Amino acid sequence: MLFKQQALLRQKLFVLGSLAIGSVLYLVARVGTLDRLQPICPIESRYLSPEPEQIPLRNLQFKRGLLHELRKGNATKEQIRLHNLVQQLPRAIIIGVRKGGTRALLEMLNLHPAVVKASQEIHFFDNDRNYARGIDWYRGKMPFSFPHQITIEKSPAYFITEEVPERIFKMNSSIKLLIIVREPTTRAVSDYTQVLEGKERKNKTYHKFENLAIDTSTCEVNTKYKAVRTSIYTKHLERWLKYFPVEQFHIVDGDRLITDPLPELQLVEHFLNLPPRISQYNLYFNATRGFYCLRFNIVFNKCLAGSKGRIHPEVDPSVVIKLQKFFHPFNQKFYQITGRTFDWP
Ligand code: A3P
């Protein structure tokens, strides 16, 4: 009897022991796997060209950290080599429109783990001297990124500069082009406000908006005034359409990007074939600034500089109406071409 009980106990101990050893072996194997998934070693072989949809977010978050170090200048050449970092030509460009919210759009897209922004406006295609420096100069101005990330730059002058569409086409005829627009009269006033502020900083006087926007001799809208011309979106777009099909453009509603940015960003993610990653968590309204600000993670958040979101001077309502009437037919054409309609007057 005693012998039988002892045998049973031995059997139980054996089973429990096996289970314990099994669990330990499983954990060792699992931790090993997890460890290998942790991005602590060179990653070239792990990231061989998945489509953007397949980018593992956790890994990209790690990449962001490294890229941040790079931007601060802390990453070594060895890290660049080990992590297969490259300077890539942009796969998408925010070509305009000046004062449409181009900086906010770029910064917000940069929240996406698969996007890396060129911090400065490069002005490669609109500036003849830069353009003459060649495509390798342009590439050298791009930030370091991982091969599966996409680089985006913004230079709003591209939209209105004659030579730019052909030059971009020569670089990459299938590039994706983003245009962020605001209600044209508001945009013109914003444009004016920026110039006015520059003059005031230099203690210079400047004309009133009304005197620039309206030709005082004819009382008609002054189409020679650059802030007015830039807001005739359809005229500029038509030049671009000589090179790129309309499907290669995505129009962003700059007014909605101010009041409710997430849906606009989700449309851009879709246009760029990126997995939806930007969420409400990444955007919070800052009442002091009066704008949405960006939250990258629990410790890092930022608002745009004070030069974004200036107070506009009051404009004579009759001039506003005149401008709105002037822009109306151009706006209709713009809606027709792009397939995106706005409730502009
Ligand atoms: P205003 O200064 O007229 O308000 P750009 O970057 O193309 O120069 O555009 C500047 C505009 O971006 C600003 O115009 C501002 O309204 C708009 N904007 C959109 N989202 C913003 C944000 N989250 N923070 C600050 N400005 C933002």
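Numbering of ligands and ligand atoms starts at 1, following listing order. Model, not experiment: these values are computed from the prediction.
A salt bridge is defined here as a Lys NZ or Arg NE, NH1 or NH2 lying under 4.0 Å from an Asp or Glu carboxylate O, and Arg167 with Asp128 meets this definition. Arg340 and Glu264 are joined by a salt bridge, as a carboxylate oxygen and a charged side-chain nitrogen come within less than 4.0 angstrom of each other.
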Only pairs under 3.5 Å count here: list side-chain donor-acceptor contacts from residues 208-215, not counting sequence neighbours, and write none if there are none.
unit_1: Glu210; atom_1: OE2; unit_2: Asp316; atom_2: N; d: 2.8
unit_1: Asp215; atom_1: OD1; unit_2: Ser217; atom_2: N; d: 3.0
unit_1: Asp215; atom_1: OD1; unit_2: Ser217; atom_2: OG; d: 2.6

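Every residue two or more places apart in sequence or in another chain was checked for a ring-ring contact (aromatic ring centres under 6.0 Å, His included) with Tyr225, and none qualifies.
The salt bridge (Lys or Arg N to Asp or Glu O under 4.0 Å) pairs that include a residue from residues 230-247 are Glu238-Lys333, where partners are two or more places apart or lie in different chains.
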Output block, N or O contacts of ligand 1, threshold 3.5 Å exclusive:
unit_1: ligand 1; atom_1: 2 (O); unit_2: Gly309; atom_2: N; d: 2.9
unit_1: ligand 1; atom_1: 2 (O); unit_2: Arg310; atom_2: N; d: 2.9
unit_1: ligand 1; atom_1: 3 (O); unit_2: Arg182; atom_2: NH1; d: 3.4
unit_1: ligand 1; atom_1: 3 (O); unit_2: Ser190; atom_2: OG; d: 2.6
unit_1: ligand 1; atom_1: 3 (O); unit_2: His312; atom_2: NE2; d: 2.6
unit_1: ligand 1; atom_1: 6 (O); unit_2: Thr102; atom_2: N; d: 3.4
unit_1: ligand 1; atom_1: 6 (O); unit_2: Thr102; atom_2: OG1; d: 3.4
unit_1: ligand 1; atom_1: 6 (O); unit_2: Arg103; atom_2: N; d: 3.0
unit_1: ligand 1; atom_1: 6 (O); unit_2: Lys308; atom_2: NZ; d: 3.1
unit_1: ligand 1; atom_1: 7 (O); unit_2: Lys99; atom_2: N; d: 3.1
unit_1: ligand 1; atom_1: 7 (O); unit_2: Gly100; atom_2: N; d: 3.4
unit_1: ligand 1; atom_1: 7 (O); unit_2: Gly101; atom_2: N; d: 3.1
unit_1: ligand 1; atom_1: 7 (O); unit_2: Thr102; atom_2: N; d: 2.8
unit_1: ligand 1; atom_1: 7 (O); unit_2: Thr102; atom_2: OG1; d: 2.6
unit_1: ligand 1; atom_1: 8 (O); unit_2: Lys99; atom_2: NZ; d: 2.9
unit_1: ligand 1; atom_1: 8 (O); unit_2: Lys308; atom_2: NZ; d: 2.9
unit_1: ligand 1; atom_1: 9 (O); unit_2: Gly101; atom_2: N; d: 3.0
unit_1: ligand 1; atom_1: 14 (O); unit_2: Arg182; atom_2: NH1; d: 3.0
unit_1: ligand 1; atom_1: 23 (N); unit_2: Tyr292; atom_2: O; d: 2.9

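Annotation: cation-pi pair Arg98/Phe159 absent, no NZ/CZ under 6.0 Å from the ring centroid and within 45° of its normal.
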